[in-house]
Each structure stands twice: as C-alpha cells, then as structure tokens.
There are 2 protein chains.
Amino acid sequence: MSRTEQTQTAVLGALSVMPMTGYALREEIRSVLGHFWSESFGQIYPALAELQRQGLVERRGADRARASVFALTPAGTERLRELLSEPAQPVRPRNGLMLRLFFGRQLGPEACRILIREAREEAEARLAELAVSRSESQEGPHAQDRPYWLLTISAGEHAARAAIAWADGALEALETLSDSAAPHPAAEPPVGSKTVHPVREHP
Amino acid sequence: MSRTEQTQTAVLGALSVMPMTGYALREEIRSVLGHFWSESFGQIYPALAELQRQGLVERRGADRARASVFALTPAGTERLRELLSEPAQPVRPRNGLMLRLFFGRQLGPEACRILIREAREEAEARLAELAVSRSESQEGPHAQDRPYWLLTISAGEHAARAAIAWADGALEALETLSDSAAPHPAAEPPVGSKTVHPVREHP
DNA sequence: GAGATTCTATATCTATTAGATATAAGCAGC
DNA sequence: GCTGCTTATATCTAATAGATATAGAATCTC
C-alpha cells in the first residue's frame with residue numbers, strides 16, 4: 001500500500017462517518033484520529049481531487065465563496081473496505097528523545113533526566129486526553145463504531161502508561177549514574193583531544 | 001530543530017562512535033538505532049556534504065574506486081553537543097493498524113482480530129531482538145555509553161510489552177463482539193443503501 | 001450603524017524526504 | 001578467464017509536511 005493510498009484510506013474513512021469540507025477533514029482527523037494519525041492540507045486536497053476523479057467521492061456546492069462539501073459515493077464505500085483490507089505500510093521510527101538518550105553521554109546525566117521528565121509529563125497529558133476521548137465516545141449516534149474506537153483509545157493508554165513506567169525506571173537509573181560516575185557532566189570528555197578514532201575499513 | 005538538523009544529529013552521533021563511510025552509516029543507523037531511528041541515503045549523503053562544507057566532518061581517502069571515510073572534527077563534536085541540547089522535533093503519528101481498527105466496523109471483528117494477532121507477533125519479535133541487543137551491549141569498548149544505550153533498549157521493551165498486553169485485551173474484547181453483534185461481518189452494512197448522510201455545515 | 005480589525009476557513013507552494021533505481025566494483029562459480 | 005551474482009555507493013523522483021498566502025465572516029469600536 002503506497003503512501004497516497006494511506007492518505008486516501010484516512011480521507012475515505014473520515015468521509016464514511018460524515019460528509020465534510022477539506023478543511024473540516026483536517027480538523028476531524030486531527031481531533032479524532034490525532035493520537036495515531038495525521039494528515040496535512042498538502043495531502044488532503046490532492047487526495048480529494050484524485051478520489052473525485054475516480055468517482056469515489058462526490059463534490060457538492062462548489063460556490064465561489066462557499067467551500068465544497070465532499071461525500072462518499074457507493075463506489076467509495078467499496079474502495080474503503082478494499083483499502084482497509086490491505087496490509088499497512090510499516091512505520092519509519094524517528095524518536096528524538098531516544099536519539100538524544102543514545103548519545104546521552106555527550107549530554108550528561110542531568111540533562112537526560114530533564115528530557116525524561118518532560119517525556120513523562122507528556123505521557124501523563126496524553127493519558128488525560130484519552131480519558132476525555134473515552135467519555136466523549138459514550139455520546140453520539142455511532143454506537144456500532146464505539147467498540148472499535150475504544151480499541152484505539154486503549155492502545156494509546158497502554159502506550160502512555162508504559163512510557164510513564166519506563167520514565168520512572170530511567171530516572172532512577174540515571175540517579176545512581178550521576179552520583180557515581182560523572183558529577184560534572186559538562187567537563188567530562190575533554191573536547192579537543194582524541195577525536196580521531198581508528199578507522200574501521202568497510203565492515 | 002529542523003528536519004535536516006535531526007539528520008545531522010544522527011549522522012554526527014554515529015560518527016562520534018566511529019568514523020565510517022556513507023554506506024556504513026546507513027547500515028550502522030539501521031542496525032543499532034533501528035528501533036527508534038531511520039535515515040535513508042537520500043538524507044545521509046546531502047547531510048554529509050553539508051557537514052563537510054561546515055567543517056564539522058572531514059572526508060578521507062576519496063580515491064576513485066574506494067569510498068571515502070568520514071570522521072568528526074573537533075568542531076563537529078562541539079556541534080553534536082549543541083544539537084543534542086535542542087528540543088526534539090515532535091513526531092507525526094501514522095499508525096496503520098490503529099487507522100484500520102478505528103474504521104474496523106467496515107472490516108468486521110474477525111479481520112480485526114487477525115490484524116491484532118499480527119501486531120502481537122511483531123511485538124514479540126521486537127522483544128526478542130531487544131534481548132539480543134541487550135546482551136550484545138555487554139561487549140565492546142563503549143562502557144561509558146552503555147548505561148544510556150540500555151535506557152533506549154528498556155524503552156523499547158516497555159513499549160513492546162505494552163503492545164502485547166493491549167493486544168491480548170483487544171482480542172478478548174473483539175471475541176465478545178463477534179459472538180454477539182455481527183456473526184457475518186461482510187454482509188453487515190448494505191453497501192449501496194443510505195450512503196448519503198445529512199451534511200454538517202462548517203462546525 | 002459604518003468602518004476597522006481580527007479570526008477562521010481554504011488553498012497553494014516549497015523545501016524536505018523516502019526509497020526506488022542506476023552504476024560500478026569485487027567475488028564466486030563454472 | 002569469463003560470466004553472473006552480490007555488495008557498496010550514489011543519484012533522482014515522486015510524495016510529503018507544514019509554512020504561508022488569500023479571502024471571507026464576524027466582532028468590536030466609535
């Protein structure tokens with residue numbers, strides 16, 4: 001499944017819940033799917049144009065001043081099912097916190113502890129947001145969808161709680177490190193000296 | 001911190017461990033940082049060129065036939081510290097499994113269960129790989145780095161275990177769903193009927 | 001109630017990026 | 001010694017993120 005198809009899936013899926021404008025699509029995706037998905041205008045508008053060309057989506061009321069509302073066609077519903085059945089594209093990880101911690105010796109234990117504390121707070125905040133989503137999902141006319149939505153909320157909660165547990169352990173581990181090894185992190189590795197390492201020839 | 005700077009951080013960081021060629025950089029990033037970071041050639045080569053231009057990296061032995069080895073300069077080490085201190089770029093989530101589950105009603109409980117079982121297996125596999133990384137980190141001359149490397153490994157393990165626990169709960173929840181609500185998921189919502197919903201005007 | 005000002009909705013545009021593809025060198029088998 | 005395969009290296013292109021431009025609507029001020 002190509003990237004454009006991933007975007008098409010998200011757009012068709014959102015339109016399957018309710019017809020809306022391109023702008024509303026972005027808002028809806030951000031607020032409802034925000035914990036595990038994101039799309040930008042630069043993806044949404046071309047995707048809508050292509051979906052319309054393929055007759056999967058229908059554009060209504062393109063007045064000059066008023067934005068046009070897009071709605072699924074029957075073929076679009078069909079196509080959504082098809083896309084959902086295809087295997088997902090693997091995610092390319094890019095975790096800035098982990099990158100910093102991996103080279104954490106350059107930063108010193110104290111700076112690392114600050115980063116981890118921040119990450120812990122973010123996880124707590126996510127947990128709170130998810131609790132709101134959970135109660136919000138009670139309302140609304142989408143009773144049939146709710147069990148599935150709860151699955152995604154639960155996944156977010158598990159991940160957030162794991163992040164918090166990890167952070168607590170990590171903070172503790174770093175504490176013993178700053179006590180023992182390097183009381184003055186900034187002064188630790190002399191900068192100018194010995195930056196040239198032996199070269200490994202094509203491993 | 002811009003995206004290019006993120007790439008520069010990863011490249012400088014990897015070169016701080018050991019000088020190497022562009023190709024080896026990609027391999028190293030993939031094998032060692034693979035659980036939380038990824039870079040492609042299209043990012044690495046331009047980044048190396050720019051870093052060389054700035055005098056942060058030095059190119060050695062650009063024979064016609066032999067690839068050139070890149071090494072950090074003292075200024076490069078300095079710059080790495082600087083970059084690591086900057087706040088990380090926020091990640092844009094794009095979780096294909098969650099997208100599928102969110103619109104899971106279109107797919108039916110059974111198909112969802114299969115997806116979740118696959119995810120569970122992947123998490124188990126990651127856990128096994130991390131166990132290997134953990135024991136590998138014992139060896140090698142990088143004793144000072146090890147505590148930080150273990151932090152990242154531990155984060156991966158927490159996340160993987162959380163994924164497994166979530167999957168088990170989700171599978172159970174879906175089981176009760178397929179028993180009760182929709183024994184024949186494919187036949188559930190009649191395709192052609194009632195695909196036109198009431199339009200919400202600019203919420 | 002008219003004008004000014006801010007805000008929101010919408011769309012486009014550009015620099016970045018992923019990853020497929022091209023090229024070339026070494027190596028193994030025949 | 002030649003041929004085909006594998007690994008190393010680099011480039012190129014289509015897709016993407018998200019910043020920015022534009023215009024209309026709403027609100028505030030006088």
Side-chain angles (χ1 to χ4, degrees), chain A residues 1-11 14 19-31 33-34 37-52 59-70 88-96 99 199-203, chain B residues 1-11 14 19-31 33-34 37-52 59-70 88-96 99 199-203:
Chain A
M1 168 173 262
S2 73
R3 294 219 227 179
T4 37
E5 283 174 328
Q6 297 251 109
T7 298
Q8 289 185 2
T9 309
V11 167
M20 53 187 118
T21 68
Y23 187 87
L25 262 175
R26 210 277 282 262
E27 287 307 295
E28 203 69 6
I29 289 173
R30 182 151 65 182
S31 69
L33 277 52
W37 202 262
S38 81
E39 297 286 357
S40 66
F41 288 134
Q43 294 160 269
I44 287 175
Y45 287 110
L48 281 172
E50 174 62 17
L51 289 171
Q52 187 186 13
R59 178 183 210 133
R60 298 188 195 149
D63 315 350
R64 313 131 275 301
R66 210 69 295 236
S68 27
V69 171
F70 294 86
Q89 190 174 265
V91 290
R92 330 204 78 235
R94 232 158 191 253
N95 186 325
L99 188 68
V199 174
R200 175 164 65 165
E201 289 290 352
H202 311 293
Chain B
M1 167 173 261
S2 75
R3 295 219 225 180
T4 36
E5 283 175 327
Q6 297 251 110
T7 298
Q8 290 186 1
T9 309
V11 167
M20 53 188 119
T21 68
Y23 186 88
L25 261 175
R26 210 278 282 262
E27 287 306 295
E28 202 69 6
I29 288 173
R30 182 150 66 182
S31 69
L33 277 51
W37 202 260
S38 82
E39 298 285 357
S40 66
F41 288 134
Q43 295 160 268
I44 287 175
Y45 287 111
L48 281 171
E50 174 61 18
L51 290 171
Q52 186 185 14
R59 179 182 209 132
R60 301 190 194 147
D63 314 351
R64 314 131 278 298
R66 210 67 297 234
S68 28
V69 171
F70 293 87
Q89 190 174 266
V91 290
R92 331 204 77 238
R94 232 154 190 256
N95 186 326
L99 188 68
V199 173
R200 176 166 65 167
E201 289 290 351
H202 310 294

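The chains referred to below are lettered A, B, ... by the order of the sequence lines, with proteins before strands, and numbering in each begins at 1.
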So which protein nitrogen or oxygen atoms get under 3.5 Å of nucleotides 10-13 of chain D's nitrogens or oxygens?
from   : atom 1 : to    : atom 2 : distance (Å)
D/dA10 : OP2    : B/Y45 : OH     : 3.2

Quiz item: Between C/dA9 and A/T21, is there an OP1 or OP2 to side-chain N/O distance shorter than 4.0 Å?
Solution: no

If you round to the nearest 0.5 Å, how far is [atom2] of [Y] from [atom1] of [X]?
{"X": "B/Q52", "Y": "B/S68", "atom1": "CD", "atom2": "OG", "value": "8.0 Å"}
{"X": "A/Q8", "Y": "A/L48", "atom1": "CD", "atom2": "CG", "value": "9.5 Å"}
{"X": "B/N95", "Y": "A/Q89", "atom1": "CG", "atom2": "CD", "value": "12.0 Å"}

Quiz prompt | Under the side-chain contact (heavy atoms from CB on, under 4.5 Å) test, residues paired with A/S31 that sit two or more places apart | solution = none

Quiz prompt | Contacts of A/E5 that satisfy side-chain contact (heavy atoms from CB on, under 4.5 Å) - sequence neighbours left out | solution = A/M1, A/S2, A/R79, A/L83, A/E86

Self-check item: Sugar-phosphate, base or nothing in reach of A/T4, heavy atoms under 4.0 Å
Solution: sugar-phosphate

Exercise. Have a look at B/S2 and say if it touches a base, only the backbone sugar-phosphate, or nothing, with a 4.0 Å heavy-atom cut-off.
Key: nothing

Quiz item: Is any NZ, NE, NH1 or NH2 atom of the basic residue among A/E39 and A/R30 found under 4.0 Å from an Asp or Glu carboxylate oxygen of the other?
Solution: no

Separation of [X] atom [atom1] from [N] atom [atom2], in whole Å?
{"X": "B/R26", "N": "D/dT7", "atom1": "CZ", "atom2": "P", "value": "13 Å"}
{"X": "A/L25", "N": "C/dT10", "atom1": "CG", "atom2": "P", "value": "10 Å"}
{"X": "B/E50", "N": "C/dA15", "atom1": "CD", "atom2": "P", "value": "15 Å"}
{"X": "B/R30", "N": "D/dT7", "atom1": "CZ", "atom2": "P", "value": "12 Å"}
{"X": "A/I44", "N": "C/dC13", "atom1": "CD1", "atom2": "C1'", "value": "16 Å"}

Quiz item: Nearest nucleotide by nearest heavy atom, which residue falls closer to the 5' end of DNA chain D, B/Q89 or B/E27?
Solution: B/E27

